[in-house]
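Report on the structure given below.
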Amino acid sequence: MKKVTTLTKTNRLPYFSLYFLWIGLFVIAPVALIVYQSFFGIDHSLTLNNYRTYLSSSVYLRMTFNSFWFAFLITALTLAISYPTAYFLTKLEHRQLWILLIILPTWINLLLKAYAFIGIFSQSGSVNNFLTFIGVGPQQLLFTNTSFILVAAYIQIPFMILPIYNSLVDIDPAIINASHDLGANNFQTLWRVIFPMSINGVRSGVQAVFIPSLSLFMITRLIGGNKVITLGTAIEEHFMTTMNWGMGSTIGVVLIIIMFITMALTAGGRKGKAKS
Amino acid sequence: MKRFGLFAIVIVIISALLGLGVHQLNQASGQGNAAKTLTIFNWGDYIDPALIAKFEKQTGYQVKYETFDSNEAMFTKIQQGGTAYDIAVPSDYMIQKMRKAKLLLPIDHRKLKGLDNINTQFLNQSFDPHNRYSVPYFWGTLGIIYNDKYVRADEMQHWQDLWNPKWRNSIMLVDSARDIMGFALVRDGYSMNSTNLDQLQQAAGTLNKLAPNTKAVVADEIKMYMIANEAPLAVTWSGEASEMLAGNSHLHYVVPTEGSNLWFDNIVMPKTAKHQKAAYAFMNFMLEPKNAAQNAEYIGYATPNNKAKALLPKAVRDDRQFYPPAAAMKHLEVYADLGTKWVQQYNDLFLEFKMHS
C-alpha cells in the first residue's frame, strides 16, 4: 500500500511541474511584471508617484467610476436577457442546435462584429432606414451610451447564457415537480426553487461578463466614439501613445485588484453551500 | 471514443500538412541569395505595389515589405531589436525621437542620387538638420473636411468656425492628442509646440468648449463615416482627406490660413539595417521623379519631389487643398519632439477633453 502511494506521487510530479511552469510563465510572471513596472516613472526611476497620481487625480477616479458603472450596466442588461433565454433553452427540443447558434457569433472576430454594428447603427444604416420608414425619422444612434451598452451586451451574451444554461440543465426535474405538487405556482417555483439552484451559473456568468467589461477599449472608440472613456482606453493610451508604461501598469494593477474583489464578492456564496 | 480518436488524428494530419505548406511557401518566396534582400518597414498601403515589382526587376533585390500602424509601435519594435529592417518611414517628431535614442544610421549623401529633386522647402527641417538621417517621402497638413451638402465654404475657413453653436454634435475629430490640442493652441494664438503650462491649460479650456460640437473622437473610421455622410465636419490629416475626397465629391478640405501642422513621412535607415547597399538603391529609386510621381498618384499624398510634382496631372498639381499657396505654407508648423513629460501633458489634457465630451 505504501509503495503504491509513493509511486503515484513520483508519477504525478512531472505532470505537476509542467502545470506549474505554465502558470508561472503565463500567469504569475506577467502579473509580477505589471506590478514591477507600475513602480517606475517616465524617467525610469523607482517611484510611488504613479499610484499617487492615480489616487489624487479626479480624472482617473472618475474614469474608474465610469468603467464600473458601464460594466455594471452591461452586466445587468446581459443578465436580464440571458437568464430567460437560458431558461427557455432548457425547455426546447434540439437544444444542442440552439446552443451552437448561440456560440456561433463568438467565432467571429470582435472587430468584424463592431464594424457590422457601425453599418447597422449609422445614419444610412438599417435601423435608421426602418425608423424613417415608420415615420420616426433618422436618429443619432452611433456614439451614444445606449448603443455602446447594447453592442457590449451583445458581445458578452454567450458568456452569460452558457454557465446559466449549464446550471439550469443540471437541476433534477423531480425537484420542480415536487415544488408544483407541494402547491407552489410557476412564479414561486422559479423564484424559490429554480433561481437559487442556478445561482452558481449566474455567479460565473457575472464574473465572465463584468470583469472583461471593466476594461473594454476598442468598442468604446468604434461604437462609443470615445465619448465613453474606460480604464482600458487609458491603458491603451499609456502603452501606445505616451509610452508611459509605468502609469499604464498602475492602472492595470488597479484593474487586477478590482478583479480579485469582484471574484471574492461573487464567489462568497459557494463556501456557504459547501458547508450545508 | 474511437470516432473521436479518428477525428483528432485527421485534424492533426491536416494541420501538419498546412504547416508544411506554409513552410514551403516561405522557402519559395525567400529563394535566392539572402544578401540580395531589402526589408522595408512602412505604413500599411503606403507605396504603389507596382513600384516594388519594378524595383525588384530593376535591381534584382528581393523586397520584404512589413507594415506598422503607428509611429510608437514602429519605435518600440525597432528599439526592442530582433528585427532586420533596412528601411523605415517614420514621421517628423518620431525621427527626432529615434535620432535621440540613437536608432538611426546617418545617410551618406555621396551615395544619394536625386536629393536635389526635392523642394528645398522640405529639406533641412528642425527634426533632422541637413537631412543627415532622412529623405523626404511624403508631406501633408492638418485641416478641416466639410461636406458642402450641410456646410457652406465661407462658413468653414478658420479653426474658430468649428466652435460655432450651429455645428452641435457634428464634428468628428481624429484621435490624436498633438493634433487636437494643436489646433486649439493655434486658435488661441499659440504655437502647436507650446511647452507653456498656462497656454496648454488655456487651450484645454478652449477645447472643452468644443465638446458639445464633438460627435466622436475616432481614428481611421473617419474616412468611412465622412464618405457615408455620417457627419458634416471632421478634423484630420490631408492624406486621409485625399482618400475621402476621392470617395465623395461633396467633401472639401481646408487648411486654415492662421496656421496648422506640416507633417513629414521620411525614409530612414534604422540601426538594424543589414543591407545598406540595397537601402541606398531603394532611396535613389524613390527619388527618381518618374517613380515618385507614380507613387504620389497612387497614394494621393503631396510629394516633396519638385520634378515629380511637375509630372503630375495639372488638376493635382494646382490643387490648393493639398498643395497650399505659399502664404498659407508660411504659417504651418512642424511638430517637435517635446520629450516624454510634455507629451504626457498633452495626452492628459486630451484625455480630460474626451471625458468631457
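Convention: sequence-line order gives letters A, B, ...; per-chain numbering from 1.
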Under 4.5 Å from any heavy atom of chain A, what part of [X] do you find: side chain, backbone, both or neither?
X: B/Ala219; value: both
X: B/Tyr225; value: side chain
X: B/Asn71; value: neither

Practice prompt. Among the options B/Lys341, B/Glu352, B/Glu230, pick out the one with the most heavy-atom pairs lying under 4.5 Å from chain A.
Written response: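 It is B/Glu230.
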Worksheet entry | Residue selection (most heavy-atom pairs with chain A, distance under 4.5 Å) from B/Arg178, B/Met224, B/Lys354 |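 Looking at each of B/Arg178, B/Met224, B/Lys354 in turn, B/Lys354 comes out on top.
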Spacing of [X] atom [atom1] and [Y] atom [atom2] [to the nearest 0.5 Å]:
X: B/Glu72; Y: A/Thr241; atom1: CD; atom2: OG1; value: 6.0 Å
X: B/Asn229; Y: A/Gln123; atom1: CG; atom2: CD; value: 9.5 Å
X: B/Lys215; Y: A/Gln140; atom1: NZ; atom2: CD; value: 3.5 Å
X: A/Thr233; Y: B/Leu351; atom1: OG1; atom2: CG; value: 7.5 Å
X: B/Met355; Y: A/Asn226; atom1: CE; atom2: CG; value: 11.5 Å
X: A/Met240; Y: B/Asp69; atom1: CE; atom2: CG; value: 6.5 Å

With a 4.5 angstrom heavy-atom cut-off, could you sort out which part of [X] is near chain B: side chain, backbone, both or neither?
X: A/Tyr115; value: side chain
X: A/Met243; value: side chain
X: A/Asn66; value: side chain
X: A/Leu222; value: both
X: A/Met247; value: neither

Give a yes or no on this: more than 12 heavy atoms of other residues, nucleotides or ligands lie within 6.0 Å of atom [atom1] of [X].
X: A/Arg95; atom1: CZ; answer: yes
X: B/Trp163; atom1: CH2; answer: yes
X: B/His356; atom1: NE2; answer: no

Worksheet item: Are B/Val217 and A/Phe143 close enough that some pair of their side-chain heavy atoms sits under 4.5 Å apart?
Response: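 No, every pair of side-chain atoms sits at 4.5 Å or beyond.
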Worksheet entry | Minimum heavy-atom distance B/Ala228-A/Ser124, with the two atoms named |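 Nearest heavy atoms, B/Ala228 then A/Ser124: O-OG, 4.4 Å.
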Discussion item. Applying side-chain contact (heavy atoms from CB on, under 4.5 Å) to A/Phe239 and B/Thr76, what does each step give before you reach the verdict?
Written reply: CA-CA 10 Å; A/Phe239 274 89; B/Thr76 312; over 6 Å; no
